[in-house]
A.B. asks: 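This is the structure, below, for whatever I ask next.
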Amino acid sequence: MAKNTKYKFCFGPWNISEGQDPYGPTTRPAQNFDWKLNALKKLGYDAMMFHDDDAVPDIDSKSEQQIRKEAKELKKRLDGEGIAAEMVAPRLWFAPQTIDGAYTSNDPKARKYAIERSLRTIDLANIMGTNILVLWLAREGTYLREAKSCKRSMEYLVQALDKMLAHDKKIRISIEPKPNEPMDHAYIPTIGHALAIAQLTRDANRVGCLIESAHCILAGLDPADEIEFAMTFGKLWSLHLNDQNGLKFDQDKPFGSTNLRSAFNQVRALERTGYGKRGEYVCFDVHPFRTTKVEHWLKHLDNSRRTFLALVEKVRSYDEKKAQALIADRNYQDLDQMVIEHLLGK
Ligand code: XUL
Ligand code: MN
């Protein structure tokens, strides 16, 4: 029997958020990076994920030299704590230059800015000791169809990906698809789209994906199937587990909070395909509910991992033989009940 995976866990500084939403201000006071790193250590997590400006605040106003200096200091700090940097991602949706998109903006100056910032993020990833660049293509889409051409946008995207791949022969790009929010429609809404565009680049082997449970649900897809699909291509290099209650704003709820059975199936997909065996991390892109008090601020992270580990046990104790017999008999009625009772602990 293959050895069980020992999972490694990760979250980002933005996952200790303050509760702001479009209708109201923060409900918890902001904490600095040291506080968040301490919290990550205290919770027993293994790695942190970073946007470029999580690693080097106000990155756009700093010189290359200053950026390198701060990144090296951060790396030293992380090494001292025994914490890895899982990935770095350019935050391409915040700057005034990217109001109408980054790589697919209609403005050539914006496209140039986006590519240059991405190349700088790759340099940052190198200093931080990770070869994973995550691209959540936040504003690569439109509010209205007539504003851009999808075909032209695909060409821009491939050009940008090619520049990144040429800049560094070791970097691996993990595209994080999401179908909407902030855009009406995004150009890379699913894993299928991400893996298809990878094929058009100069080195398809170094363009893979990151699956976020909530993003799959927003696309009307089953996260477990998306996981097995990406793993079939050997392209799932990172993962954002969380939960989402149907088609509304991106909720980033604790893992398993809405649909425990779906969470069970996601863990089962990871176990069945050996996710984590090549060093990949299980990251939780979860946020506290706005109502969360300061003293309960880290619960969503601790609880998500607890649920994940409990579900690993559920997957490992699932009666596969009995399931196979029911499948052979096309008795999906009892298979359904068997899963329910297993989850209920019966
Ligand atoms: C947005 C989202 C981001 C990415 C990182 O929905 O999930 O936090 O994971 O840029
Ligand atoms: Mn995410």
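Start at 1 and go down the list; that is how both ligands and their atoms are numbered. This chain uses plain numbering: 1 for the first residue, then up along the sequence.
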A.B. asks: Is a donor from one side chain sitting under 3.5 angstrom from an acceptor on the other, for Y103 and S153?
C.D. replies: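 The criterion, which ignores hydrogens and geometry beyond distance, is not satisfied for S153 and Y103.
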A.B. asks: Regarding N126 and D168, is there a side-chain donor-to-acceptor distance under 3.5 Å anywhere?
C.D. replies: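 Side chains of N126 and D168: pair found under 3.5 Å.
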A.B. asks: Any idea which part of L210 is under 4.0 Å from ligand 1, heavy-atom wise: side chain, backbone, both or neither?
C.D. replies: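 Answer for L210: neither.
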A.B. asks: What atom name does the N, O or S atom of D285 nearest to the Mn ion (ligand 2) carry?
C.D. replies: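 The nearest such atom is OD2.
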A.B. asks: Restricting to N, O or S, what is the name of the atom of E212 that lies nearest the Mn ion (ligand 2)?
C.D. replies: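 Minimum-distance N/O/S atom of E212 relative to the Mn ion (ligand 2) is OE1.
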A.B. asks: Could E212 and K178 be called an ion pair, given the rule that one side-chain N must be under 4.0 Å from one carboxylate O?
C.D. replies: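 No salt bridge links E212 with K178.
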A.B. asks: Could you pull out the atom name of the N/O/S atom in E176 that is nearest the Mn ion (ligand 2)?
C.D. replies: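 Relative to the Mn ion (ligand 2), the closest nitrogen, oxygen or sulfur of E176 carries the name OE2.
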A.B. asks: Test of understanding: given a 4.0 Å heavy-atom threshold, classify the contact between K178 and ligand 1 as side chain, backbone, both, or neither.
C.D. replies: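 The answer is the side chain.
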A.B. asks: How many angstroms lie between atom CZ of F249 and atom CG of N180, to the nearest 0.5 angstrom?
C.D. replies: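 Separation between the atoms: 12.5 Å.
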A.B. asks: Inspect the contact between R91 and D53 and indicate whether a charged nitrogen and a carboxylate oxygen are less than 4.0 angstrom apart.
C.D. replies: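 Looking at R91 together with D53, the answer is yes, because their closest N to O distance falls below 4.0 Å.
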A.B. asks: Applying a heavy-atom cut-off of 4.0 Å, say which part of H240 lies close to ligand 1: side chain, backbone, both or neither.
C.D. replies: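 The part of H240 near ligand 1 is the side chain, not the backbone.
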A.B. asks: May I ask you to list the atoms of ligand 1 that are less than 4.0 angstrom from any heavy atom of D250?
C.D. replies: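 By the 4.0 Å cutoff, the relevant atoms are 6 (O).
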A.B. asks: Got a salt bridge between D123 and R68, using NZ or NE/NH1/NH2 to carboxylate O under 4.0 Å?
C.D. replies: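 No.
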A.B. asks: Tell me which protein heavy atom sits closest to atom 10 (O) of ligand 1, plus the residue, atom name and distance to 0.1 Å.
C.D. replies: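 Sorting protein heavy atoms by distance from atom 10 (O) of ligand 1 puts H51 NE2, 2.7 Å first.
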A.B. asks: Is there a polar contact between ligand 1 and W136, counting only N or O atoms under 3.5 Å apart?
C.D. replies: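 For ligand 1, there is no N or O atom that lies under 3.5 Å from one belonging to W136.
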A.B. asks: Should H215 be listed as contacting ligand 1, given a heavy-atom distance under 4.0 Å as the test?
C.D. replies: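 A heavy atom of H215 does come that close to ligand 1.
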A.B. asks: Are K112 and E116 ion-paired here, with the side-chain N under 4.0 Å from a carboxylate O?
C.D. replies: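 Yes, K112 and E116 are salt-bridged.
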A.B. asks: Side chain, backbone, both or neither: which applies to E176 and ligand 1 if a contact is any heavy-atom pair less than 4.0 Å apart?
C.D. replies: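 Contact part for E176 vs ligand 1: side chain (C-beta onward).
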A.B. asks: For atom 8 (O) of ligand 1, what's the nearest protein heavy-atom neighbour? Residue, atom name and distance, please.
C.D. replies: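 For this ligand atom, the closest protein heavy atom is D285 OD2, 3.3 Å.
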A.B. asks: Check whether any N, O or S atom of H240 sits under 2.8 Å from the Mn ion (ligand 2).
C.D. replies: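 Short answer: yes, at least one N, O or S atom is under the cut-off.
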A.B. asks: With side-chain contact (heavy atoms from CB on, under 4.5 Å) as the test, pick out the partner of I197 among V207, L137, I175.
C.D. replies: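 Among V207, L137, I175, the one meeting side-chain contact (heavy atoms from CB on, under 4.5 Å) with I197 is I175.
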A.B. asks: Any atom of ligand 1 sitting under 4.0 Å from a heavy atom of W93?
C.D. replies: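 The answer is yes, since W93 has a heavy atom less than 4.0 Å from ligand 1.
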A.B. asks: So, E228 and T232: side-chain donor and acceptor under 3.5 Å apart, yes or no?
C.D. replies: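 No donor-acceptor contact under 3.5 Å links the two side chains.
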A.B. asks: Decide, counting backbone as well as side-chain atoms, whether D252 has an N, O or S atom less than 2.8 Å from the Mn ion (ligand 2).
C.D. replies: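 Here the distance criterion (N, O or S atom, under 2.8 Å) is not met by D252, so no.
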A.B. asks: Go through ligand 1 atom by atom and flag the ones less than 4.0 Å from a non-hydrogen atom of W14.
C.D. replies: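 Selected atoms, number and element: 8 (O).
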A.B. asks: So, for F308 and F9, is the gap between ring centers shorter than 6.0 Å?
C.D. replies: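 Ring centroids of F308 and F9 are less than 6.0 Å from each other.
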